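What you are looking at is a predicted structure, and each value in this text was computed from that prediction instead of being measured. Just the heavy atoms: all of them, side chains too, but no hydrogens, waters or symmetry mates, feed the values below.
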Amino acid sequence: MKRYLITVAAFLAGLGGTIMCQGADTIKVGILHSLSGTMAISETSLRDVLLFAFDEINKAGGIKIGDKSYMIEPVIVDGAFIWSLFDETAKQLLEEDKVAVVFGCWTSVSRKSVLPVFEKDNGMLFYPVQYEGEELSKDIFYTAEAVNQQAIPAVDFMLAQGKKKFYLIGTDYVYPQTTNLILYKYLLLHGIKIEDIGGGLRKDDSGKVISAGKYTPFGHTDYQQIVAEIKQFAAGGDGCVINTINGDSNVPFFKEVAAAGLTPADCPVVSFSLAEDELRALPTKDLVGELGCWTYFMSINTPENKAFLKRWSSWLKTEDHPGVVKEKRAMDSPMVLSYDGVYLWKTAVEKAGTFDVDKVRTTLESGDISFDGPGGKTTMLKNHHTVKNVYIGDTRANGQFKILKTFDQVPGEPFLLQDLDQKLASMPK
């Protein structure tokens with residue numbers, strides 16, 4: 001287990017003495033991500049952008065409560081893609097380090113692993129990565145995209161493009177499984193035939209469909225047979241792939257897609273866990289036209305985003321935190337949602353006038369806490385989800401996305417399955 005305590009002294013030294021804060025108090029804040037293992041390809045970047053946000057806040061004078069200013073003192077732990085270790089490190093952050101808040105987790109398995117710890121210790125976790133919903137904890141604030149802020153807008157877009165066949169593929173864990181079950185029911189509700197939903201179905205003893213799609217383990221590398229199946233599925237035209245593969249398995253999957261000669265014109269792939277940061281490791285010249293749906297793209301052409309990217313670039317040139325890679329960096333939605341979460345928390349703390357978790361929670365639930373971030377305005381809702389813009393784009397050769405459609409200010413809704421079941425039950429047989 002790797003644990004890091006970055007002191008305020010180190011922060012100030014790294015900032016070149018630009019902060020005058022003699023006598024400033026400090027507040028410990030936790031970062032909980034996999035900095036090693038198969039998800040490190042994605043999660044190390046979330047650590048980096050959190051450190052960027054903390055440095056930015058400290059440089060601006062810290063968090064202000066009354067006549068006091070508090071400098072953020074990060075405590076970084078490595079979940080190492082081991083669920084029991086996430087549990088252990090979360091407990092240490094809350095019970096030993098006494099952090100005021102934790103920013104972290106990527107997979108839903110890691111989030112669900114730490115959830116009992118946060119509920120027991122009355123902690124506060126900001127979770128920044130798209131997820132399956134069907135959960136609402138008083139101790140978690142989900143800056144992440146809910147299914148109705150990513151997967152469903154993407155499917156609506158594909159339906160509007162005339163797609164009639166949908167192949168579902170993902171990594172074998174709760175987020176892809178639940179998301180694809182929601183999409184299976186959503187597609188049926190929109191007139192797609194069962195035989196035109198690819199990847200396979202699994203039923204319980206009563207015949208009820210409990211899983212839809214094809215699934216591979218974390219770290220899976222051999223996609224030759226699956227891509228051949230997708231190619232056959234799409235041969236008749238009007239097909240697309242809904243991709244919820246997570247982590248570094250996206251690299252061999254898309255290399256196999258390219259090797260098979262399967263193009264976006266034949267059967268476009270829309271991905272929910274593949275953004276600009278992961279595209280750095282892929283042959284993007286072969287992926288031009290493949291789709292993504294997120295609540296942020298690096299290519300957003302607004303003054304706020306341009307200024308944000310300029311600050312990020314300047315920080316990378318001057319920061320001195322261990323492990324931060326400076327070259328060929330990209331920005332993506334999970335990174336921005338991590339950044340937004342820090343500022344939503346800071347705003348709530350300053351408005352509440354305290355770091356007390358219960359009072360900060362009540363303030364966040366008021367509906368009055370917003371942040372004008374790089375992807376647009378984000379507002380925390382009483383249901384611990386956010387209102388934010390949703391963007392659909394296609395991949396360019398430079399690893400960026402060209403925005404094709406924007407859905408303005410979509411409120412996150414975590415519970416969809418029950419409503420879909422009721423609508424399906426009322427459909428004519």
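- The nearest pair of heavy atoms linking Pro176 to Gly170 is CB-CA, 4.1 Å.
- No donor-acceptor pair under 3.5 Å is formed between the side chain of Ser34 and the backbone N or O of Met39.
- The side-chain hydrogen bond (donor to acceptor under 3.5 Å, both in side chains) test applied to Asn383 returns no partner, not counting sequence neighbours.
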Indicate every side-chain donor-acceptor pair of residues 364-373 with a distance under 3.5 Å to a residue at least two apart or in another chain.
unit_1, atom_1, unit_2, atom_2, d
Glu365, OE2, His384, NE2, 2.6
Ser366, OG, Thr363, O, 2.6
Ser366, OG, Asp368, N, 3.2
Ser370, OG, Thr379, OG1, 2.7

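- Residues Thr347 and Tyr343 come closest through the heavy atom pair OG1-O, 2.7 Å.
- By the 30° and 60° cut-offs, the orientation of the rings of Phe355 relative to Tyr70 is perpendicular.
- With ring centers used as reference points, Tyr391 lies 6.0 Å or more from Tyr296.
- Between Ser108 and Tyr173, the closest heavy-atom pair is N-CE1, 3.5 Å.
- Ser271 places no side-chain N or O within donor-acceptor distance of the main-chain N or O of Leu274, the cut-off being under 3.5 Å.
- Pairs engaging residues 406-419 under the salt bridge (Lys or Arg N to Asp or Glu O under 4.0 Å) rule: Asp419-Lys423 [sequence neighbours left out].
- Arg329 places no side-chain N or O within donor-acceptor distance of the main-chain N or O of Lys326, the cut-off being under 3.5 Å.
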Side chain to side chain contact (heavy atoms under 4.5 Å, CB included) between Leu279 and Thr395: does it pass, once the steps are laid out?
CA-CA 9 Å; Leu279 286 172; Thr395 311; 4.1 Å; yes
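- Here the side chain of Ser249 pairs no donor or acceptor atom with the backbone of Ile245 at under 3.5 angstrom.
- Two rings, from Tyr131 and Tyr175, have their centers 6.0 Å or more apart.
- Applying the 6.0 Å contact sphere to NZ of Lys255 captures no more than 12 heavy atoms from other residues, nucleotides or ligands.
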Could you walk me through whether Glu43 and Arg47 pass the salt bridge (charged side-chain N to carboxylate O under 4.0 Å, His left out) check?
CA-CA 7 Å; Glu43 294 194 60; Arg47 171 206 60 192; over 6 Å; no
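- Formation of a donor-acceptor pair under 3.5 Å by the Thr171 side chain with backbone atoms of Asn246 is found in this model.
- Residues meeting the salt bridge (charged side-chain N to carboxylate O under 4.0 Å, His left out) test with Lys98, sequence neighbours left out: none.
- Judged as a salt bridge (Lys or Arg N to Asp or Glu O under 4.0 Å), the pairs with a partner in residues 119-133 (not counting sequence neighbours) are, in order, Glu95-Lys120, Arg111-Glu132.
- For the pair Gln149 (side chain) and Thr386 (backbone), a donor-acceptor distance under 3.5 Å is present.
- Taken to the nearest 0.5 Å, the CG atom of Asp196 stands 9.5 Å off from the CG atom of Asp238.
- Rounded to the nearest 0.5 angstrom, Phe166 CZ and Leu187 CG are separated by 5.5 Å.
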Walk me through it: do Val114 and Tyr127 pass the test side chain to side chain contact (heavy atoms under 4.5 Å, CB included)?
CA-CA 11 Å; Val114 303; Tyr127 179 70; over 6 Å; no
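- No side-chain donor-acceptor contact under 3.5 Å links Thr284 to the backbone of Asn398.
- Put simply, the side chain of Ile226 reaches to within 4.5 Å of the side chain of Tyr167, judged on heavy atoms.
- Atoms CG and CG, from Asn243 and Asn250 in turn, are 5.0 Å apart once rounded to the nearest 0.5 Å.
- When all heavy atoms of Val29 and Phe54 are compared, the pair lying nearest together is CG1-CZ, 3.5 Å.
- Atom CD of residue Glu278 and atom OG of residue Ser45 lie 7.5 Å apart, to the nearest 0.5 angstrom.
- At least one side-chain heavy atom of Ile403 sits less than 4.5 Å from a side-chain heavy atom of Ile300.
- Side chain of Asn148 to main chain of Pro411: a donor-acceptor pair is present (N/O by atom type, distance under 3.5 Å, no hydrogens or angles).
- With sequence neighbours left out, the side-chain contact (heavy atoms from CB on, under 4.5 Å) criterion links Val227 to Tyr223, Phe253, Glu256, Val257, Ala260.
- Atom CZ of residue Phe254 and atom CD of residue Glu290 lie 5.5 Å apart, to the nearest 0.5 angstrom.
- Judged by distance alone, with hydrogens and angles left aside, the side-chain atoms of Tyr215 form a donor-acceptor pair with the main-chain N or O of Ala212 at under 3.5 Å.
- Taking the six-membered ring for Trp and thresholds of 30 and 60 degrees, Phe103 and Trp345 have ring planes more than 60 degrees apart, a perpendicular arrangement.
- The closest side-chain donor-acceptor pair between Gln150 and Thr295, if any, does not fall under 3.5 angstrom.
- Glu319 contributes atom CD, which lies 12.5 Å from atom OG of Ser314 (distance to the nearest 0.5 angstrom).
- A donor-acceptor pair under 3.5 Å links the side-chain atoms of Glu276 to the main chain of Met298, judged by distance alone.
- More than 12 heavy atoms of other residues, nucleotides or ligands shown are found within 6.0 angstrom of NZ on Lys138.
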